[in-house]
Number of protein chains: 2
Amino acid sequence: MAELSAHTPRYLTGDKAGLHEFLSKFDVFLFDCDGVLWSGDHLFPGTVETLELLRKNGKQVVFVTNNSTKSRADYRKKLEGLGIPSTVEEIFSSSYSSSIYISRILKLPENKRKVYVIGETGIEQELQSENVPFIGGTDPAYRRDVTPEDYKKIAAGDGSIIDPEVGVVLVGLDFHMNYLKIALAYHYIKRGAIFLATNIDSTLPNSGTLFPGAGSMSAPLIMMLNKEPVALGKPSQAMMDAIEGKFQFDRSRACMVGDRANTDIRFGLEGKLGGTLGVLTGVSSAEDFVSGDVKPHAYLDKLSDLLGSE
Amino acid sequence: MAELSAHTPRYLTGDKAGLHEFLSKFDVFLFDCDGVLWSGDHLFPGTVETLELLRKNGKQVVFVTNNSTKSRADYRKKLEGLGIPSTVEEIFSSSYSSSIYISRILKLPENKRKVYVIGETGIEQELQSENVPFIGGTDPAYRRDVTPEDYKKIAAGDGSIIDPEVGVVLVGLDFHMNYLKIALAYHYIKRGAIFLATNIDSTLPNSGTLFPGAGSMSAPLIMMLNKEPVALGKPSQAMMDAIEGKFQFDRSRACMVGDRANTDIRFGLEGKLGGTLGVLTGVSSAEDFVSGDVKPHAYLDKLSDLLGSE
């Protein structure tokens, strides 16, 4: 990809006037969460106070997460558990974004409205909230070995295993992924279903290291089909469109805050937001922000350095 | 890739003199199986007679399969079940090729000789036959959901789940693939284990359609690691080297027979065999063979057309 940003990122830590000026440009702050507000189960000091400061100054705060295993309600509980006050309305997850995309943007034929889900309960809850019918997901009937009968039935399109009303395959992180689920997703897509992914992060941080992410569930299908899914999470602009559709904000007065140049900052830049703000408490380094292909407008050592604007 | 073959493939069906001349050039015939000798459970008419003709004329016959779920002994039983006489010594599977590669070609340090297997019993049997120690595979201890404890133990390299002697990860077709197995493979490779795949065919034919193949097991790891495995099956030349190591044949006097230009014919051409022979009873069409990037030296409607040389 070509370089996304010709500007030189401003380093704002300790620069009271610069911080004040930067904050005054925006009415809306979109936050990536892990690596910005907390790491794993560890809340960064000053996170709560920083969010309070923004809210006190009339800024809209939105939590944007690619985590598809949780619904917005689950995610609010997670924020609460970490001591961060929030409302469900402030939360935007890839499972919610996917559900909105399916229910409001895709024009599915009357007889092709069902979604075959690879994923956990977060996706199911958000599909339910948008009245989208689905199969698969956490249904125990799909948590089993493939049998010789399955091959024949799937090949024949037998109604006992292939639902003719499936028009979408939605793939998110599934801790119960298995051969049968991948085989079914493949056949639904070959039969014409739209291939969607909540997000395609290849890895998932946990316990200070990495584990298979949602992208790892799509990877076999991408290889088999030689086709990429439409991904709804960051940095996909489908997610930005969904956020804008809900909050009706002025993009020039919005700022994306994140720790990863290639997803968070890219998401904001490609979405033509007025600002992007990098923090050094996660994946990207100062070097990445200053010399990489994807540069934020400004960056900080840590989010709570915003408190230095007061 | 650049075009592999400047020649124009000769169409030999019904050309008695041409067939006779072609056959006389070779002492060894390497056969792809499914799509050449049979399709699924259906043996093509004339297969047995054609193999008899070749053997009667003193040709060495080798069955080369990327199927890693079966050992050579299992595969011989499959051939027998279809009515094809064979010996274990004539069979070359990707599980066997992988085992030979690990035991005879890789120089593993004394304390890094264990293989972590994603795959079925065929791989285990071939590793055993080469006295290669392994873990994983069909062990029921790995056929379970991931737990919160697993994340912590894997992150910490806890000896109860991470074996410090693992120096190789070997990924083949596993009908019991799951999240835990992929997570463990990823961590072993990140800790320095060599990433091998029995083969990387993305799909597996069954019941007249396609299902996830061995490559679909490697796909999540390739995405997570941004790294390709060393693949031991066709068209990898590691497989050809292993076959040559065993049969000590003159490559200029050997011919690869197959139905797929991109794997079988490529395998023979890249291996600089004297000949490659395409058949139209499988994946590739006459158009593929004549106008594609990978052209065989000759092609036939079906294998048993070789009987027309008599």
Side-chain angles (χ1 to χ4, degrees), chain A residues 40-41 69 118 120 143-158 162 171 173-187 189-191 200-228, chain B residues 40-41 69 118 120 143-158 162 171 173-187 189-191 200-228:
Chain A
D41 289 331
T69 63
I118 290 184
E120 300 288 344
R143 293 185 180 170
R144 63 173 179 84
D145 290 346
V146 68
T147 67
E149 276 303 292
D150 289 328
Y151 294 112
K152 289 179 197 140
K153 287 184 177 171
I154 291 172
D158 188 301
I162 294 286
V171 183
L173 182 56
D174 189 337
F175 298 111
H176 307 83
M177 70 179 285
N178 63 33
Y179 191 90
L180 177 64
K181 290 183 183 189
I182 302 293
L184 286 169
Y186 171 79
H187 280 274
I189 297 167
K190 289 298 275 185
R191 286 168 176 273
I200 50 168
D201 300 271
S202 65
T203 56
L204 177 77
N206 192 324
S207 306
T209 181
L210 298 173
F211 288 85
S216 294
M217 316 290 131
S218 288
L221 295 167
I222 294 169
M223 186 189 266
M224 292 176 75
L225 296 156
N226 196 21
K227 181 177 179 172
E228 300 280 333
Chain B
D41 288 331
T69 63
I118 291 184
E120 301 287 345
R143 293 185 180 170
R144 62 173 178 84
D145 291 345
V146 68
T147 67
E149 276 303 291
D150 289 328
Y151 294 111
K152 289 179 198 141
K153 287 184 177 171
I154 291 172
D158 188 302
I162 294 287
V171 183
L173 182 56
D174 189 337
F175 297 112
H176 306 83
M177 71 179 283
N178 63 33
Y179 192 89
L180 177 64
K181 290 183 182 189
I182 302 293
L184 286 169
Y186 171 77
H187 280 274
I189 297 167
K190 289 297 274 185
R191 287 168 176 274
I200 49 167
D201 299 89
S202 65
T203 55
L204 177 78
N206 193 324
S207 306
T209 182
L210 299 173
F211 287 86
S216 294
M217 316 290 131
S218 289
L221 295 167
I222 294 169
M223 185 188 266
M224 291 176 76
L225 295 156
N226 197 20
K227 181 177 179 171
E228 299 281 333

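Naming convention: chains lettered A, B, ... in sequence-line order (proteins, then strands); numbering from 1 in each chain.
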(message) If I take atom CE from residue Met224(A) and atom CG from residue Leu204(B), how far apart are they, to the nearest 0.5 angstrom?
(response)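 Atom-to-atom, Met224(A):CE and Leu204(B):CG are 8.5 Å apart.
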(request) Check whether any side-chain heavy atom of Pro212(B) lies under 4.5 Å from a side-chain heavy atom of Tyr186(A), and answer yes or no. (result)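 Answer no - side chains too far apart.
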(message) Are Phe211(B) and Ile154(A) packed together at the side-chain level, in the sense that at least one heavy-atom pair is separated by less than 4.5 angstrom?
(response)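 Yes, their side chains come closer than 4.5 Å.
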(message) At a 4.5 Å cut-off on heavy atoms, which part of Asp174(B) comes close to chain A: side chain, backbone, both, or neither?
(response)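 The backbone, not the side chain.
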(message) Heavy-atom cut-off 4.5 Å, strictly under: side chain, backbone, both or neither for Leu173(B) against chain A?
(response)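 For Leu173(B), the contact with chain A is made by the side chain alone.
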(message) Could you report the tightest heavy-atom contact between Ser207(A) and Ala155(B), atom names first, then the distance?
(response)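 Closest heavy-atom pair between Ser207(A) and Ala155(B): O-CB, 3.3 Å.
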(request) Would you name the heavy atoms of Met223(B) and Ser216(A) that are closest together and state the gap between them? (result)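 Distance-wise, the nearest heavy atoms are SD-N, 4.0 Å.
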Contact leader toward chain A among [options], where contacts are heavy-atom pairs under 4.5 Å:
options	answer
Ile200(B), Asn206(B), Val146(B), Asp145(B)	Asn206(B)
Met217(B), His176(B), His187(B)	His187(B)
Leu221(B), Leu180(B), Leu210(B)	Leu210(B)

